[in-house]
Amino acid sequence: MFTVGQVAKRFSLSRSTLLYYDKQGVLKPSARNNSNYRMYSDGDVQKLERIVLLRNAGLSLADIVKVIDKDFDETGKVLENRLFSLNKEIQDLRCQQCVIIDIIKRQGSIKNTRIITMDIWVSMLRAAGLDEQGMWNWHIAFESSSPEAHQDFLESLGISSEEVTFIREQSVKR
């Protein structure tokens, strides 16, 4: 059995976090000692490992409570919803990024950023020795192996949705 302090230290959590998890019904300790202190079993610690993992995946405590004692199918559904939500947030952030890139380009200071634009990417591919067909081969391979990642990558370059669609369609046709 482990004390609150031992478990908190093991997971780099505060004591108050564990007390909060207990109060919210997320993680109830298995026992209390003679002094009425919370005591956690190996099973409680394993459950906390899963809770920490799900928190690191961005799940809310409410969602964790729903799935913590369920099988993988239910957990998978909640994780898929979280992934969908993350993808939407990323898409929204990319739109903001494109606006910022346009503003920075107008100021002529794009080289001072950590942004890879389509022009920069194409110049790197050319520097690596790829000609036009080599670049299409790269797109074809990317599209066939991971279509959604290909789309995400193209969007990250600040390419318009029409151009992304064109590149992906051509990657399938070629």
Side-chain angles (χ1 to χ4, degrees), residues 1-101 104 112-117 120-121 124 138-159 161 164-165 167-168 171-172:
M1 299 297 279
F2 304 95
T3 65
V4 170
Q6 290 169 325
V7 173
K9 184 176 181 179
R10 179 172 175 176
F11 290 94
S12 300
L13 298 172
S14 68
R15 181 181 179 281
S16 61
T17 296
L18 290 174
L19 300 180
Y20 181 74
Y21 286 178
D22 183 4
K23 184 178 178 181
Q24 297 301 309
V26 180
L27 179 68
K28 296 260 183 214
S30 292
R32 299 253 182 179
N33 68 11
N34 292 338
S35 301
N36 204 31
Y37 291 125
R38 291 167 177 83
M39 299 299 293
Y40 295 89
S41 67
D42 286 332
D44 296 333
V45 169
Q46 289 174 355
K47 186 174 183 179
L48 184 56
E49 284 177 10
R50 188 162 182 223
I51 291 167
V52 169
L53 180 64
L54 294 172
R55 287 293 289 153
N56 287 339
L59 267 61
S60 68
L61 283 181
D63 282 339
I64 291 172
V65 168
K66 290 178 195 172
V67 300
I68 193 66
D69 295 318
K70 307 285 186 202
D71 62 16
F72 181 77
D73 287 341
E74 288 207 40
T75 305
K77 290 174 189 168
V78 171
L79 289 171
E80 286 172 7
N81 288 339
R82 176 65 183 143
L83 186 58
F84 178 80
S85 174
L86 278 174
N87 286 336
K88 175 70 173 111
E89 289 176 40
I90 290 168
Q91 185 177 24
D92 291 344
L93 289 171
R94 281 198 183 112
C95 289
Q96 292 174 26
Q97 183 183 45
C98 287
V99 170
I100 292 170
I101 288 169
I104 291 172
N112 298 331
T113 67
R114 294 172 53 183
I115 302 299
I116 299 293
T117 64
I120 294 169
W121 181 248
M124 287 191 300
W138 183 88
H139 283 291
I140 291 165
F142 202 163
E143 183 68 27
S144 68
S145 68
S146 188
E148 290 179 7
H150 187 216
Q151 169 137 0
D152 289 344
F153 175 76
L154 293 172
E155 289 173 354
S156 77
L157 296 176
I159 298 173
S161 59
V164 168
T165 301
I167 291 170
R168 292 190 67 209
S171 297
V172 173

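Position 1 is the first residue of the sequence; numbering continues from there.
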Given Lys47 and Asp44, is the salt bridge (Lys or Arg N to Asp or Glu O under 4.0 Å) satisfied, shown in steps?
-> CA-CA 5 Å; Lys47 186 174 183 179; Asp44 296 333; over 6 Å; no
Can Leu13 and Leu48 be said to form a side chain to side chain contact (heavy atoms under 4.5 Å, CB included), step by step?
-> CA-CA 11 Å; Leu13 298 172; Leu48 184 56; 4.1 Å; yes
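The closest side-chain heavy-atom distance from Leu18 to Phe11 is not below 4.5 Å. Here the side chains of Leu157 and Val164 are not in contact, with every heavy-atom distance at 4.5 Å or above. Taking 4.5 Å as the limit, every side-chain heavy atom of Gln6 sits out of range of all side-chain heavy atoms of Met39. Using a 4.5 Å heavy-atom threshold, the side chains of Glu80 and Leu83 count as separate. Side-chain contact between Leu61 and Arg55: present, with at least one pair of heavy atoms (C-beta onward) separated by less than 4.5 Å. Looking only at side-chain heavy atoms (C-beta outward), Ile116 and Met124 come within less than 4.5 Å of each other.
Around NZ of Lys28, the count of heavy atoms belonging to other residues, nucleotides or ligands within 6.0 Å exceeds 12.
Ring geometry for His150 versus His139: interplanar angle of 30 to 60°, hence tilted.
With hydrogens and angles disregarded, no donor-acceptor distance shorter than 3.5 Å links the side chain of Ser85 to the backbone of Asn81. Panel note: side chain Arg50, backbone Ile68; a donor-acceptor pair is recorded below 3.5 Å. With Ser146 contributing its side chain and Phe142 its backbone, the two residues share no donor-acceptor pair below 3.5 Å.
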